[in-house]
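Here is the naming used below: chain letters follow the sequence lines, and residue numbers restart at 1 for every chain. Only heavy atoms go into these numbers, but all of them, side chains included; no hydrogens, no water, no symmetry mates.
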Number of protein chains: 2
Amino acid sequence: MTIRESILHIYPLPEASLLLLTELLEPVQLRKGHILLQADKVEKEVYFIEKGIVRAYAEREDSDITFWFGQEGDIVISMRSYVDQQAGYESIELLEDCNLYRVHSHTLQQLFETDIAIANWGRRFAEKELIKTEERLISRQFRTATERYQELMQHQPGLLQRVSLGHIASYLGITQVSLSRIRADIR
Amino acid sequence: MTIRESILHIYPLPEASLLLLTELLEPVQLRKGHILLQADKVEKEVYFIEKGIVRAYAEREDSDITFWFGQEGDIVISMRSYVDQQAGYESIELLEDCNLYRVHSHTLQQLFETDIAIANWGRRFAEKELIKTEERLISRQFRTATERYQELMQHQPGLLQRVSLGHIASYLGITQVSLSRIRADIR
DNA sequence: AATATCATTTTACAAATGATAAAAAATGCG
DNA sequence: CGCATTTTTTATCATTTGTAAAATGATATT
């Protein structure tokens, strides 16, 4: 899937608006392990993932928890920076070498103010992410850890090959040891 | 807080756009216990809460879980209906007699397509809800049930007077029995 | 008062998960 | 390959949370 296609997949844009947006995108290649965005900072860059996989995590004293995986076609932002120009709660780590496209958040905000199709594209982007997040919150309450793991494997069968079990356990809201037990029980 | 004020609190609208939006709102009064929106249906109405409190819940075989409370200034929608014209996962129950304003989702969508300020207002609305939901997801992983309860009581001290402990326990992701134990331990 | 209804707390027991440590397996690199 | 490092599994025990049922409390109605 090209960047153009993944943009249009969120919300159909007329060609003129699509051009406005894509012209601003700068290609960036970065290596596995790179920290794309830092928690507790106001991060001004927005990234589109063309190739690769990343995780968003929040840090605590000793551990961190992964609460989002971004893959081909996804958009990476520091949500609080993007919405309110405040320090964000998430850091973003590249879990593979990535091909990204970068744009300044400010530039994007200007497009939102001037191009109605792009404003609605931004609206739809937030709405879709919101649905996914609410569904995860509900799933965590209704389903056991085992069921959540099986659900994830069904929806994202390729994830296991790209992401360590520690990150997946964290994403599911359990410890790595628990996930290992669950995997042993399923067999 | 008036409806006008709560709309502007989400995103500042010029007077002309604000009028476009508010002219479409129909006042509705409904009684405690009324089911405003039904899960598994495509719900076409959007509601603004002027007075009262509601809960969004998802149903399972025998139980239901509350995952959102809406109060004065909040907006009530069936998220999947609103975004994709698909059946939603949430039902909405009025927990008090409510003064609401109603607008057809279709009408709102038309405003999004024609008024850029309103499109950005809709964008900001979704973004703010998204931040709140992500923070709850993270909080559920980082904090114990006791901490989450105390956090909620700090941020929403009035909630306990308006909502039963059963709903609050569900919102926190624990059983009512657990919450009762927590409350006993805190004392 | 007596009754009914609903919300909350308490109790006892079972199941799930966490913490910790250690072993085993997989991976990366000189 | 062989070694070091990281990841995953296994085992043990403590803690948390869930389930079910009973007891208590609160409120309204008769």
Please give me every residue in residues 159-168 of chain B whose heavy atoms get under 4.0 Å of an atom in DNA chain C, ordered by residue number.
B/S164, B/L165, B/G166
A/Y171: partners by ring pair (Phe, Tyr, Trp, His ring centres under 6.0 Å), with sequence neighbours left out
A/F69
The contact string for nucleotides 12-30 of chain C, one letter per nucleotide 5' to 3', using protein heavy atoms under 4.0 Å with B, S and - for base, sugar-phosphate only and none, comes out as B----SBBB----------
If only side-chain N and O atoms of A/Q176 are considered, is one of them under 4.0 Å from the OP1 or OP2 phosphate oxygen of D/dT9?
no
Fit a plane to each ring of B/Y82 and B/F112, take the angle between them on a 0 to 90° scale, and name the class: parallel (under 30°), tilted (30 to 60°) or perpendicular (over 60°).
perpendicular
Atom-pair distance (CZ on A/R140; P on D/dT17), nearest Å:
14 Å
Is there a donor-acceptor contact under 3.5 Å linking the side chains of B/Y11 and B/R123?
no
Would you kindly give the CG-to-P distance between B/L172 and D/dT16, to the nearest whole Å?
17 Å
More than 12 heavy atoms of other residues, nucleotides or ligands under 6.0 Å from NZ of B/K32: is that the case?
no
For B/E96, run the side-chain hydrogen bond (donor to acceptor under 3.5 Å, both in side chains) check against B/R31, B/R162, B/Q71 and tell me which one passes.
B/R162
Closest non-hydrogen atom pair, A/I118 against A/D115:
N-OD1, 3.0 Å
Do the side chains of A/W68 and A/E129 get nearer than 4.5 Å, heavy atoms only?
yes
Give the rounded distance in Å between these two atoms: CZ of B/R183 and C1' of C/dT10.
14 Å
For B/E72 and B/S6, test the side chains for any donor-to-acceptor distance below 3.5 angstrom and give the result as yes or no.
no
